[in-house]
Amino acid sequence: MGGLPIIIGITGGSGAAIAKRCIELLTAHERPVLVVCTPAGQRVWQHEVGTPLRQWLRTTPARQYPIGDVAAPIASGTYPTGGMAVVPCSMNTLAAIAHGLSTNLLERAADVILKESRPLVLVPRETPLSVIHLTNLLTLARLGVKIVPPMPPFYARPTSMDEVIEHIAARVLVALGVTSALPYDQQYGNGLH
Ligand SMILES: Cc1cc2nc3c(=O)[nH]c(=O)nc-3n(C[C@H](O)[C@H](O)[C@H](O)COP(=O)(O)O)c2cc1C
């Protein structure tokens with residue numbers, strides 16, 4: 001495993017499979033992965049993925065920190081990390097990060113990433129978006145946070161949910177700076193047009 005660890009924060013927004021694929025891709029790129037998940041995130045993961053998060057993580061080299069462990073290394077700016085993605089990002093956690101709250105380890109880790117000017121990527125999942133959601137997104141975008149909504153790549157003519165998830169996860173890695181560009185077939189489809 002090479003390079004600084006990447007933190008994957010998982011919340012109770014819909015889209016746990018995107019977090020799963022991000023962890024798989026980061027591992028494939030030999031990046032250490034540190035996971036922190038809210039209670040709602042664990043519940044939605046169980047509902048959408050089928051296997052409990054903790055059980056699935058045992059099949060990976062990723063390390064999980066308890067949500068209440070505010071003394072974990074990622075709660076401090078002195079611990080070097082390469083960035084963080086909150087995927088999926090609920091509107092609750094979005095609001096907390098936008099307002100500098102640190103009521104759990106995920107929020108604290110994101111606050112640390114911001115204060116240390118490291119890459120922070122959010123995959124917000126809600127529709128429609130209220131003025132409150134949009135204001136919070138704008139606040140964070142102005143701070144340099146990359147906002148990567150889980151948008152299907154219609155132009156690539158995806159034929160399965162897996163293809164959509166693959167595309168969004170690949171975009172998260174680009175936003176984190178782990179990869180430099182989307183593979184060609186994820187930009188324009190598999191040579192179909
Ligand atoms: C199946 C399921 C799907 C959900 N999807 C979303 C969602 O897409 N976006 C969102 O903001 N909240 C969603 N929620 C609600 C959040 O889980 C809830 O607001 C929770 O308090 C978020 O807490 P957290 O930010 O600590 O994870 C969903 C809840 C469930 C049970």
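All ligand and atom numbering here is 1-based and tracks the order in the structure.
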Fill in the blank from the handout: Residue, atom and distance of the protein heavy atom nearest atom 29 (C) of ligand 1 read G12 O, 3.7 Å
Exercise for the section: Just jot down the ligand 1 atoms closer than 4.0 angstrom to any heavy atom of A40, in number order. Expected result: 17 (O), 20 (C), 22 (C), 23 (O), 27 (O)
Handout entry: Proximity to ligand 1 by part of V44, non-hydrogen separation under 4.0 Å
Key = side chain
Handout entry: Heavy-atom check, side chain of P88 versus side chain of I10, under 4.5 Å
Key = yes
Problem - Closest approach of any protein heavy atom to atom 19 (O) of ligand 1, naming residue and atom - result: N92 CB, 4.5 Å
Handout entry: Proximal ligand 1 atoms for M91, defined as those under 4.0 Å from one of its heavy atoms
Key = 10 (C), 11 (O)
Practice task
Tell me which part of T38 gets within contact of ligand 1: side chain, backbone, both or neither, using heavy atoms under 4.0 Å.
Solution key: side chain
Practice task
For atom CD1 of I132, decide whether the heavy atoms of other residues, nucleotides or ligands shown that lie under 6.0 angstrom number more than 12.
Solution key: no
Problem - Close side-chain approach of V164 and P153, heavy atoms under 4.5 Å - result: yes
Practice task
Say whether L140 and I7 are linked into one hydrophobic cluster, either directly or through other cluster members, by side-chain heavy-atom distances under 4.5 angstrom.
Solution key: yes
Exercise for the section: Check whether the side chains of R171 and H167 place a donor and an acceptor atom closer than 3.5 Å, and report yes or no. Expected result: yes
Problem - For atom 8 (O) of ligand 1, the option (of R125, H47, R43) bearing the nearest heavy atom - result: R125
Practice task
Run the numbers for me: atoms of ligand 1, each under 4.0 Å from some heavy atom of T11, listed by number.
Solution key: 27 (O)
Fill in the blank from the handout: Taking every heavy atom of L182 against every heavy atom of A170, the minimum-distance pair comes out as CD2-CB, 3.6 Å
Practice task
Please could you name the atoms of ligand 1 that E126 approaches to less than 4.0 Å, counting only its heavy atoms?
Solution key: 9 (N), 10 (C), 11 (O)
Practice task
Please check atom 6 (C) of ligand 1 for a protein heavy-atom neighbour under 4.0 Å.
Solution key: yes
Problem - Polar side chain donor-acceptor pair, T51 to Q55, under 3.5 angstrom - result: no
